[in-house]
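Each chain gets a letter, A, B and so on, in the order its sequence line appears, and its residues count up from 1.
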Number of protein chains: 2
Amino acid sequence: MTITIKDIAHKAGISTASVSRILTNRGRFSEDTAQRVRELANELGYFKNQSAADLSQKASRVIGVLVPITHTNFADEIIKGMQHKAYELGYELLIAFVETNSQQQTETVKSLLSRQLLAVVMLALDIEDAVFDILKSANVTLLSVSNQLNNDIPSISSDNYAMMHTIVDYLYDHGHRQIALIGSSDADPIVAILRRQGYIDALASHDITYNPDFIWGVEMTYQTGIEAIKKFGLPLPFTAVIGSADIISIGLLNGARDAGISVPNDLSIVTVDGTELTQLTRPVLTAAQQNFTKMGELAISNLANNSLSSHSVIFTDITFIPGGTVTTIA
Amino acid sequence: MTITIKDIAHKAGISTASVSRILTNRGRFSEDTAQRVRELANELGYFKNQSAADLSQKASRVIGVLVPITHTNFADEIIKGMQHKAYELGYELLIAFVETNSQQQTETVKSLLSRQLLAVVMLALDIEDAVFDILKSANVTLLSVSNQLNNDIPSISSDNYAMMHTIVDYLYDHGHRQIALIGSSDADPIVAILRRQGYIDALASHDITYNPDFIWGVEMTYQTGIEAIKKFGLPLPFTAVIGSADIISIGLLNGARDAGISVPNDLSIVTVDGTELTQLTRPVLTAAQQNFTKMGELAISNLANNSLSSHSVIFTDITFIPGGTVTTIA
DNA sequence: AATAATTGCGTAAACGTTTACTCAAAATAT
DNA sequence: ATATTTTGAGTAAACGTTTACGCAATTATT
């Protein structure tokens, strides 16, 4: 009992082709009939059957988005940016949350791909090989946002290497010489490698040889921050620490507090990300803020005008937020 | 150049009907041919065209989910629960983030509806009339999760009325008589009404006449918490306060801190929601924790077996987390 | 007024899958 | 050995939309 263009065509005494042309605003038709058809559509409560449309036109305006279900508090901001631009340009977003569980991940991706997609955007996702193979075999445009991947996949992210220079320089200017980096010790995600290298090179540019012990922690979790403080013990061997994600930095802050370390008097903290979370602590976190919304917008607009070559790397700007967790030392 | 079942049928020397039966595991076929077909499908890199399938079978296994884009930190948990159950039962989730902007909201909902959906689930969403009309005219099953709506729409949520009793009783048992409620003052969302009434009735059951001034704040934001403390000024006219969302409670906590009020010594706080956010503060927040994951699971399983009558109200359990923001007073 | 260009709309095929009917062959029952 | 049931698979229509093509009617050009 659903209303189709056939019903509209019948009532209007014209062909389905005309109705289709009018409703999609393509091809030729008179404004008179158009008026009538649009009214009828409204009156009858017509809803386009997008499946039929997708089937008919081989191309689609649907962009699939893979979001890690592990709580990343910035995914929302990226999605917001994408949604905004997608709406503006007439695209549709099909968002799928994926577990870390590989089995379910492949299922989800397969079902995503069974809609014909314009592209698949991966948010802050370190993709598993199995999943990557599926995506590749489906021959769909891929784009990684807020993360850089090795596999020739175009990406939109912050310049993680340069960002660490900004942070280290800032701390150096405030007198800090012993600086730790928490949450980017692992070899795997490219972002970690870039940040680590940026950190090391920035220190070197100030004639400081980095201390390998000062790079610690793999997971981007609250617990990593908490444990980092415990691990180094009192007195802390450094005067400043960089948390590689807001949630880590909050862990560092609370860990310090629990250990009787005063921030920023006894320990300075700079966080990477700069989401709203940084406003919830006391003192408010000093942050290198990533422009997540912008990333989302760029993702859609670049996909829209098809301007991504397989190796494109697009950087968005970083804003340094002074906050209250860095102090100047002698 | 996409692979269809026609290609597979041709290579296997059988009809598309057989291929379809095998791939969907419906109807009759021999295990021999099935084997061959499945291998071919793999080999050729076949992906089902879900649009064609949807068009052919009028029913679908897609459930639309409307999520408010304003950062609610518990939406993730509900989605996680839904995703989990949906995967288990073979359903697909189509998630759409909606802005508060009504114009875009209707667009988004319309495009959601143009896929044939089994149902639309609204997360913590106070739906606009215009949008509700569209949904109603589309004649699709509706379900509200974590929120109760007036319009005959089935819902899955906590028992917000009873929850306030639990909280008030707890505070009363710890000696508190002057208790404020922040963030549920407005008339609009049913949840606010229920919480307010629960709060008033719970106080009454202890022979306390509630003070209308103690119910304050509409928006579920950090700023509401911050401003609440400012509004009441020092000394605070109450010894305990209930924050109607974690983010409000963190505002209350920081607002108190900024005003030199010690929590819990000078002010006790109980928060509603109990997401991970409560772990990030010092002290850790005392919370009436809602079971969001369960809500999500119930949403899907109830839709799956079609057991929702238009007035069903399903409650999930509440867990009281003692935390560290309530103290006993004389 | 004759010719050319444009406009509005209909016809019919196509998109890829599913499924109600058939029907012959194979298996089982009598 | 015949009758009955079961099995495997093919035929063809259907789902709702889009679009290439064609043609008559209208409008513009000379």
Side-chain angles (χ1 to χ4, degrees), chain A residues 1-38 40-41 44-62 90 92 110-111 113-118 138-139, chain B residues 1-38 40-41 44-62 90 92 110-111 113-117 138:
Chain A
M1 250 305 316
T2 42
I3 307 294
T4 72
I5 54 171
K6 205 187 263 178
D7 300 314
I8 298 179
H10 186 248
K11 283 245 176 179
I14 56 176
S15 73
T16 60
S18 295
V19 176
S20 175
R21 278 190 291 256
I22 289 167
L23 260 23
T24 57
N25 205 21
R26 271 189 275 260
R28 297 194 291 239
F29 52 85
S30 78
E31 201 40 57
D32 277 3
T33 22
Q35 196 84 25
R36 203 147 39 94
V37 163
R38 283 194 268 261
L40 269 172
L44 299 177
Y46 168 76
F47 279 98
K48 174 197 272 205
N49 183 326
Q50 192 63 47
S51 294
D54 283 354
L55 184 58
S56 183
Q57 341 171 82
K58 316 261 300 191
S60 94
R61 297 182 77 78
V62 182
E92 213 178 315
K110 271 190 183 167
S111 97
L113 288 173
S114 69
R115 323 247 144 214
Q116 42 255 110
L117 298 179
L118 184 72
N139 214 31
Chain B
M1 249 309 314
T2 43
I3 307 294
T4 71
I5 55 172
K6 206 188 260 175
D7 300 316
I8 298 179
H10 186 248
K11 283 244 177 182
I14 57 177
S15 72
T16 60
S18 295
V19 176
S20 174
R21 278 189 291 257
I22 289 167
L23 260 25
T24 57
N25 206 21
R26 272 189 274 260
R28 295 195 291 240
F29 52 85
S30 79
E31 202 39 56
D32 277 4
T33 22
Q35 196 84 26
R36 203 147 38 94
V37 163
R38 284 193 267 261
L40 268 172
L44 299 177
Y46 168 76
F47 280 98
K48 173 198 272 206
N49 182 326
Q50 193 62 48
S51 294
D54 282 354
L55 184 58
S56 184
Q57 342 171 78
K58 315 261 299 192
S60 95
R61 296 183 77 79
V62 182
E92 213 177 313
K110 271 191 185 168
S111 97
L113 287 173
S114 68
R115 322 248 146 215
Q116 43 255 109
L117 298 179

Candidate nucleotides [options], ranked by approach to the side chain of [X] - the nearest:
| X | options | answer |
| --- | --- | --- |
| B:Arg28 | D:dG10, D:dG8, C:dG10 | D:dG8 |
| B:Ala53 | C:dG10, D:dT11, C:dT18 | C:dT18 |
| B:Gln57 | D:dG8, C:dT19, D:dG22 | C:dT19 |
| A:Ala17 | C:dT17, C:dT11, C:dC9 | C:dT11 |
| A:Thr4 | C:dT17, C:dT11, D:dT17 | D:dT17 |
| A:Phe29 | C:dT17, C:dC9, C:dC15 | C:dC9 |

Specify the separation, in whole Å, of atom [atom1] of [X] and atom [atom2] of [N].
| X | N | atom1 | atom2 | value |
| --- | --- | --- | --- | --- |
| B:Arg36 | D:dA9 | CZ | C1' | 12 Å |
| B:Asp32 | D:dT7 | CG | P | 15 Å |
| A:Lys58 | D:dA20 | NZ | P | 14 Å |
| B:Lys48 | C:dG16 | NZ | C1' | 11 Å |
| A:Lys6 | C:dT11 | NZ | C1' | 14 Å |
| B:Phe47 | C:dT17 | CZ | C1' | 17 Å |
| B:Asn25 | C:dT19 | CG | P | 13 Å |
| A:Asp54 | D:dT19 | CG | P | 12 Å |

With a cut-off of less than 4.0 Å, is there a side-chain N or O of [X] near OP1 or OP2 of [N]?
| X | N | value |
| --- | --- | --- |
| B:Ser18 | D:dG10 | yes |
| B:Ser20 | C:dT17 | no |
| A:Thr33 | C:dC9 | yes |
| B:Arg26 | C:dT19 | yes |
| A:Arg21 | D:dT18 | no |

Heavy atoms, side chains only, cut-off 4.5 Å: are A:Asp7 and A:His10 in contact?
no
Test item: A:Asn49 and A:Thr4 side chains (from C-beta on) under 4.5 Å apart, heavy atoms:
no
Stepwise side-chain contact (heavy atoms from CB on, under 4.5 Å) check, B:Phe29 with B:Val37
CA-CA 11 Å; B:Phe29 52 85; B:Val37 163; over 6 Å; no
Determine the contact category for B:Thr24: base if any of its heavy atoms lies under 4.0 Å from a base atom, sugar-phosphate if only primed atoms, P, OP1 or OP2 are that close, otherwise nothing.
sugar-phosphate
Select base, sugar-phosphate, or nothing to describe what A:Ile5 touches, counting heavy atoms under 4.0 Å on all strands.
base
Verdict with supporting geometry, A:Gln57 and A:Thr24, side-chain contact (heavy atoms from CB on, under 4.5 Å)
CA-CA 12 Å; A:Gln57 341 171 82; A:Thr24 57; over 6 Å; no
Tell me whether the side-chain N or O atoms of A:Ser56 pair up with the base of D:dT17 as donor and acceptor below 3.5 Å, since no angle test is needed here.
yes
Go nucleotide by nucleotide along DNA chain D from the 5' end; which of A:Val19 and B:Ser30 gets its closest nucleotide reached first?
B:Ser30
On DNA chain D, more 5' by nearest nucleotide between B:Leu55 and B:Glu31 is B:Glu31
Charged N-O contact under 4.0 Å between B:Arg115 and A:Glu92:
yes
B:Ser51-A:Gln116 side chain donor-acceptor pair, cut-off 3.5 Å:
yes
